Amino acid sequence: MSASGGTKAIVAALAANLAIAVAKFVAFLFSGSSSMLAESVHSLADSGNQGLLLVGGKKAKREATPQHPFGYGRERYIYAFLVSIVLFSVGGMFALYEGYEKIKHPHELEHWYWPVGVLVFAIIAEAFSFRTAIKESNQVRGGLSWSQFVRRAKAPELPVVLLEDLGALVGLILALGGVGLALLTGDGVWDGIGTLCIGVLLIVIAIVLALETKSLLLGEAAGIEEVHKIEAAVVDGDTVPRLIHMRTLHLGPEELLVAAKIAVKADSSAAEIASAIDAAEQRVRAAVPIARVIYLEPDIYSEAAAAAGPDPEGRVGRRRTILGEAPHRLVRGFPHFRVR
């Protein structure tokens, strides 16, 4: 995902949520609707979330330091995780509390046209923000379904904005339903029920976001397509005849670490091996530009060792099959590597 695409979606969502939050709070003051109060807090929380995403994106651009030699790319994951916590605690829990209080102590809505008018305005504004997020996501998600895109995206901003906007739209519909039923029946309990539904929705979305960003924080390998490209780029059939095994790790959404053991010819000189490694690194960076940190360890490949015995360092033929069939399992069996 391009940083510009994510920023555009965040700014669109931030502008929509700030305008909606003000409108919802005014509607609450005039109508006393708990759904409106819950929705105004929800929009304020969403605005804070977009602010956190922008701060995370800015901090992630800092240069590497001796204390943090791999840079600050994961700042974007940290702030995305904070978004899920804010959405859960501020948005979801407050809505549950407010809904419970309204069911326990219901009262009729006053000036009903305020909440209805604001909800219609909010649905239009959120739809615009959601459309922007969808448009930016379509540029990078390729042939993935939406659920696959949210689960596999290495850049957290667009999935976060997508889920937030989706939750906001569904929440607005729930709020409109609660207010509408309260007006039709004259029973304010329906307003409280709508608020409870909003709280449950926000908590579910927050949990999904937390699980996805937790996986990114722990460190995810490159995608299957990137693994195939790296595998093909490392091996040139001459100076590097085989890739023995490999690990990849995202240091940030747009920065990948590659560590691999490669086979070289037994009669190669040190200068020839160094030249082969440099050439392999150049091929990898050309094939996968985000592979910015590459460690390659040369080793002597033995056909005899590969054909006999359980020695994992010699069974290149078997590892080569794994590389071709299931790249996502490459994290296994990498005991060490030497940094050049």
Side-chain angles (χ1 to χ4, degrees), residues 5-31 33-54 80 83-84 86-88 90-92 94-96 98-99 112-139 141 146-147 149-150 153 156-181 191 194-209:
T7 301
K8 184 177 180 180
I10 294 171
V11 171
L14 177 60
N17 281 318
L18 286 175
I20 292 170
V22 173
K24 288 175 180 176
F25 191 71
V26 171
F28 160 72
L29 292 178
F30 280 94
S31 67
S33 168
S34 65
S35 292
M36 283 290 92
L37 180 59
E39 276 294 311
S40 64
V41 173
H42 173 196
S43 294
L44 282 175
D46 281 352
S47 300
N49 290 341
Q50 275 100 52
L52 286 173
L53 292 176
L54 291 173
V83 164
S84 67
V86 171
L87 192 63
F88 176 86
V90 178
F94 179 83
L96 289 180
E98 185 64 24
W112 62 268
Y113 42 85
W114 276 100
V116 173
V118 167
L119 285 172
V120 172
F121 162 74
I123 289 174
I124 295 173
E126 285 291 357
F128 169 78
S129 174
F130 193 39
R131 177 180 175 274
T132 302
I134 290 175
K135 182 179 178 181
E136 296 300 323
S137 299
N138 281 333
Q139 296 179 10
R141 73 184 179 99
W146 286 109
S147 61
F149 174 69
V150 170
E157 290 85 359
L158 281 178
V160 168
V161 174
L162 278 169
L163 288 177
E164 276 191 351
D165 286 349
L166 176 62
L169 278 173
V170 176
L172 289 167
I173 293 172
L174 291 173
L176 186 60
V179 170
L181 288 172
D191 188 28
T195 308
L196 282 178
C197 292
I198 293 171
V200 172
L201 171 69
L202 294 180
I203 289 174
V204 169
I205 292 176
I207 291 173
V208 172
L209 286 177

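In what follows, residues are counted from 1 in the order of the sequence shown. For clarity, every value in this text was computed on a predicted model and none was experimentally measured.
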To the closest 0.5 Å, what do you measure between [atom1] ([X]) and [atom2] ([Y])?
X	Y	atom1	atom2	result
Ile10	Asn17	CD1	CG	12.0 Å
Cys197	Leu96	SG	CG	10.0 Å
Arg131	Glu136	CZ	CD	10.5 Å
Leu37	Thr195	CG	OG1	8.5 Å
Ser47	Leu18	OG	CG	4.0 Å
Glu157	Gln50	CD	CD	11.5 Å

[X] to [Y] - nearest heavy-atom pair and separation:
X	Y	value
Ala80	Val160	CB-CG2, 4.2 Å
Pro156	Pro159	O-CD, 3.3 Å
Ile198	Ala175	CD1-CB, 3.8 Å
Leu163	Val208	CD1-CG1, 4.1 Å
Glu126	Leu172	CG-CD1, 3.6 Å

Counterpart residues, side-chain hydrogen bond (donor to acceptor under 3.5 Å, both in side chains), relative to Ser84 (two or more places apart): none
Apply side chain to side chain contact (heavy atoms under 4.5 Å, CB included) to Arg141 and Leu158, showing your working. CA-CA 10 Å; Arg141 73 184 179 99; Leu158 281 178; over 6 Å; no
Kindly assign one of parallel, tilted or perpendicular to the pair Phe28 and Phe25, based on the angle between their ring planes and the thresholds 30° and 60°. tilted
Please, which pairs that meet salt bridge (charged side-chain N to carboxylate O under 4.0 Å, His left out) have at least one residue in residues 15-28, sequence neighbours excluded?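 Qualifying pairs: Lys24-Glu39.
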Closer than 3.5 angstrom, by distance alone: can the side chain of Ser129 be matched with the main-chain N or O of Ala125 as a donor-acceptor pair? no
Considering only residues two or more places apart or on different chains, which pairs with a residue in residues 169-180 satisfy side-chain hydrogen bond (donor to acceptor under 3.5 Å, both in side chains)?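 Qualifying pairs: none.
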Begin with the C-alpha distance, continue with both residues' side-chain angles, and end with the deciding distance and a verdict on side chain to side chain contact (heavy atoms under 4.5 Å, CB included) for Leu162 and Phe149. CA-CA 11 Å; Leu162 278 169; Phe149 174 69; 3.7 Å; yes
Report yes if the side chains of [X] and [Y] come closer than 4.5 Å at any heavy-atom pair, otherwise no.
X	Y	result
Asp165	Val161	yes
Leu54	Leu14	yes
Ile134	Trp146	yes

May I have the step-by-step check of side chain to side chain contact (heavy atoms under 4.5 Å, CB included) for Val26 and Val118, ending in yes or no? CA-CA 9 Å; Val26 171; Val118 167; over 6 Å; no
Of the options Ile207, Leu201, Val200, Ile205, which is the one that meets Ile203 in a side-chain contact (heavy atoms from CB on, under 4.5 Å)? Ile207
Start with the C-alpha distance between Asn49 and Asp46, add both sets of side-chain angles, then the distance that settles side chain to side chain contact (heavy atoms under 4.5 Å, CB included), and finish with yes or no. CA-CA 5 Å; Asn49 290 341; Asp46 281 352; 3.7 Å; yes
